[in-house]
Amino acid sequence: MAVTTSSPQAQVYARTVFFDRLRKYLFFAMLAFWAALSVAPLYFTLVFSFKPVADIYTPPIWAPIPFTLDNYATILGTFQLFPRWVWNSVFISVIVTIFRVLFCAMAGYAFARIEFPLKSFWFNLLLISMMMPGVVTLIPSFLIIGPGLIRGGLALGDLRIPTGFGLIDNPWGVILPGVADAFGVFMMTQFYKSFPKELEEAAMMDGSGRWGTFFRIVLPISQTQLITLALLTFQGAWNNFMWPLLVLRSPEQFTLPIGLQWFRGEYYTLYSVILAGSIFNTLPILIIFFVFQQYFVRSIAATGSKEG
């Protein structure tokens, strides 16, 4: 009886197919693992928000047993400041987003299209500022918006520098330092460097000035980049905790992330209530992401396919 053996080419092909399938399965296994790690905090937040405060540490941890809505009733029904905190977060996040998108687009267009003295120096300085940790700028920013912590100003030898705009415990004290951002300027600059000049030249030949060209031609075509920057800005402003914590003092001015800390006492913490409030803090970001996630993909594809 004749025994047939596969050719070397067939063996090589079989091994190639085997390793390709193995790599594909490993890749999907890693994706599933990281997806589970990403979803787990949100899942447990939802589960524990439906458990009574007294049963937060009791099993099971995978399901809200016993189930209750008392935590949400505590937030919505008995705590009067919660709607105010939500409104403060919405107001600050929307205003910061509008101003940052506008100013970053204007600054990015200036760096990409307009020649002015020390242009490269200022742009490199902008890039250097992106490498600095945000905590480094907390004290200088606080001195700028504060009410003048040192009476008469800040003393530097014989020089006395006035400090503060009196915006402590004021929403505008949170808003003004965030109306421009180095990353936003950099992103818009790189986009406008790849922007076709012919459209601007055609508009200027028709009699449009620099401002008219920018607002009528450049901004409408920059819709994808602007929406991407707006989404990133809104997310950062909505979840911002450290800076509002330094500026805002009275409970009526708190944003939602700061207000949730009121449920944390010196000797106890109402974790179920805090997690129920965190759902309200997380839900708008999730909705915005799922509605506008296509703009993130478009932005990455557009910036990756063109040279700045």
Side-chain angles (χ1 to χ4, degrees), residues 45 48-49 53 70-103 133-155 161-181 230 232-288:
T45 298
F48 290 135
S49 69
V53 175
D70 292 343
N71 301 317
Y72 293 91
T74 300
I75 292 178
L76 297 177
T78 63
F79 210 75
Q80 305 297 329
L81 291 175
F82 187 81
R84 180 63 183 268
W85 295 342
V86 174
W87 163 250
N88 291 339
S89 293
V90 171
F91 174 75
I92 291 175
S93 301
V94 170
I95 297 299
V96 169
T97 300
I98 293 174
F99 278 116
R100 184 176 296 183
V101 168
L102 177 61
F103 290 152
V135 68
V136 175
T137 61
L138 286 179
I139 293 178
S141 299
F142 188 83
L143 292 175
I144 292 174
I145 63 99
L149 299 180
I150 302 176
R151 185 175 299 276
L154 180 64
I161 303 175
T163 60
F165 289 96
L167 295 178
I168 294 296
D169 201 25
N170 190 315
W172 289 100
V174 180
I175 293 171
L176 291 182
V179 297
D181 177 69
L232 295 175
T233 301
F234 185 88
Q235 178 183 6
W238 180 267
N239 294 323
N240 193 10
F241 178 81
M242 180 61 69
W243 180 243
L245 180 65
L246 293 176
V247 176
L248 304 177
R249 305 294 174 82
S250 59
E252 294 79 10
Q253 302 294 345
F254 285 174
T255 58
L256 186 55
I258 302 176
L260 292 178
Q261 298 303 307
W262 266 40
F263 298 103
R264 183 189 299 272
E266 183 178 359
Y267 302 104
Y268 66 92
T269 299
L270 302 177
Y271 286 110
S272 295
V273 179
I274 292 177
L275 293 176
S278 299
I279 295 297
F280 290 98
N281 193 53
T282 306
L283 194 59
I285 301 300
L286 289 178
I287 295 175
I288 289 174

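Only heavy atoms go into these numbers, but all of them, side chains included; no hydrogens, no water, no symmetry mates.
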Colleague: Take the angle between the ring planes of W85 and F82 and call it parallel below 30°, perpendicular above 60°, tilted in between.
Modeller: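 Answer is perpendicular, since the angle exceeds 60°.
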Colleague: Quick one: does L102's side chain get under 4.5 Å of I98's, heavy atoms only?
Modeller: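 No, every pair of side-chain atoms sits at 4.5 Å or beyond.
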Colleague: Please confirm whether the backbone N or O of Q235 pairs with a side-chain atom of N239, one donor and one acceptor, at under 3.5 Å?
Modeller: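 Pair found, side chain donor or acceptor close to backbone of Q235.
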Colleague: Just so I know, are the side chains of V247 and N170 near enough to count as touching, which here means a heavy-atom distance under 4.5 Å?
Modeller: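 No, side chains not in contact.
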Colleague: Do L275 and N71 come within less than 4.5 Å of each other through their side chains, counting heavy atoms only?
Modeller: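 The answer is no; the side chains never approach within 4.5 Å.
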Colleague: Just how far is it from atom CD1 of I75 to atom CG of L256, taken to the nearest 0.5 Å?
Modeller: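 Atom-to-atom, I75:CD1 and L256:CG are 8.5 Å apart.
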Colleague: Roughly how far apart are R100 CZ and I95 CD1, rounded to 0.5 Å?
Modeller: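 If I round to the nearest 0.5 Å, the distance is 13.5 Å.
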Colleague: To the nearest 0.5 angstrom, please state how far the CD1 atom of I274 sits from the OG1 atom of T45.
Modeller: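 With rounding to 0.5 Å, CD1 (I274) is 11.5 Å from OG1 (T45).
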Colleague: When you check the side-chain N and O atoms of D169 and S250, is any donor under 3.5 Å from an acceptor?
Modeller: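 The answer is yes; a qualifying pair exists.
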Colleague: State the CD1-CD1 distance between I175 and I145, to the nearest 0.5 angstrom.
Modeller: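 Answer rounded to 0.5 Å: 11.5 Å.
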Colleague: Would you mind reporting whether P177 and I144 have side-chain heavy atoms less than 4.5 Å apart?
Modeller: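 No, too far: nothing below the 4.5 Å cut-off.
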Colleague: I168 and F142: which non-hydrogen atoms are nearest, and at how many Å?
Modeller: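 That closest heavy-atom pairing would be CD1-CE1, 3.4 Å.
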Colleague: Between F241 and Q261, does the side-chain contact (heavy atoms from CB on, under 4.5 Å) criterion hold? Intermediate values first, please.
Modeller: CA-CA 10 Å; F241 178 81; Q261 298 303 307; 3.8 Å; yes
Colleague: For T137 and G134, indicate whether the former's side chain and the latter's backbone hold a donor-acceptor pair under 3.5 Å.
Modeller: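 Here the side-chain-to-backbone pair exists.
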Colleague: Under a 4.5 Å cut-off applied to non-hydrogen side-chain atoms, are V96 and T233 in contact?
Modeller: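 V96 reaches T233 side chain to side chain.
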Colleague: Check whether any side-chain heavy atom of Y271 lies under 4.5 Å from a side-chain heavy atom of V53, and answer yes or no.
Modeller: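 Sidechains of V53 and Y271: no contact.
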Colleague: Could you give the distance from OG (S272) to OH (Y72), rounded to the nearest 0.5 Å?
Modeller: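 Interatomic distance, S272 OG to Y72 OH, rounded to 0.5 Å: 10.0 Å.
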Colleague: Side chains of L248 and T255, heavy atoms from C-beta outward: is any pair under 4.5 Å?
Modeller: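 Sidechains of T255 and L248: in contact.
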Colleague: Within a 6.0 Å radius of atom CZ on F99, are there more than 12 heavy atoms belonging to other residues, nucleotides or ligands?
Modeller: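 Atom CZ in F99 is not packed in, count stays at 12 or less.
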Colleague: Assess whether side-chain contact (heavy atoms from CB on, under 4.5 Å) is satisfied between L245 and F254, documenting all intermediate values.
Modeller: CA-CA 8 Å; L245 180 65; F254 285 174; over 6 Å; no
Colleague: To the nearest 0.5 Å, what is the distance between OG on S89 and CZ on F234?
Modeller: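 Reported to 0.5 Å precision, the distance equals 8.5 Å.
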Colleague: What residues, two or more places apart in sequence or in another chain, satisfy side-chain hydrogen bond (donor to acceptor under 3.5 Å, both in side chains) together with D181?
Modeller: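 In terms of side-chain hydrogen bond (donor to acceptor under 3.5 Å, both in side chains), with neighbours along the sequence ignored, D181 is linked to no residue.
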Colleague: Hey, is CD1 on I139 packed in by over 12 heavy atoms from elsewhere, all under 6.0 Å?
Modeller: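 12 or below, so no.
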Colleague: Run the side-chain contact (heavy atoms from CB on, under 4.5 Å) test on W238 and N281 for me, step by step, so that the C-alpha distance in whole Å, both residues' side-chain angles and the decisive distance to 0.1 Å come before the verdict.
Modeller: CA-CA 8 Å; W238 180 267; N281 193 53; 2.9 Å; yes
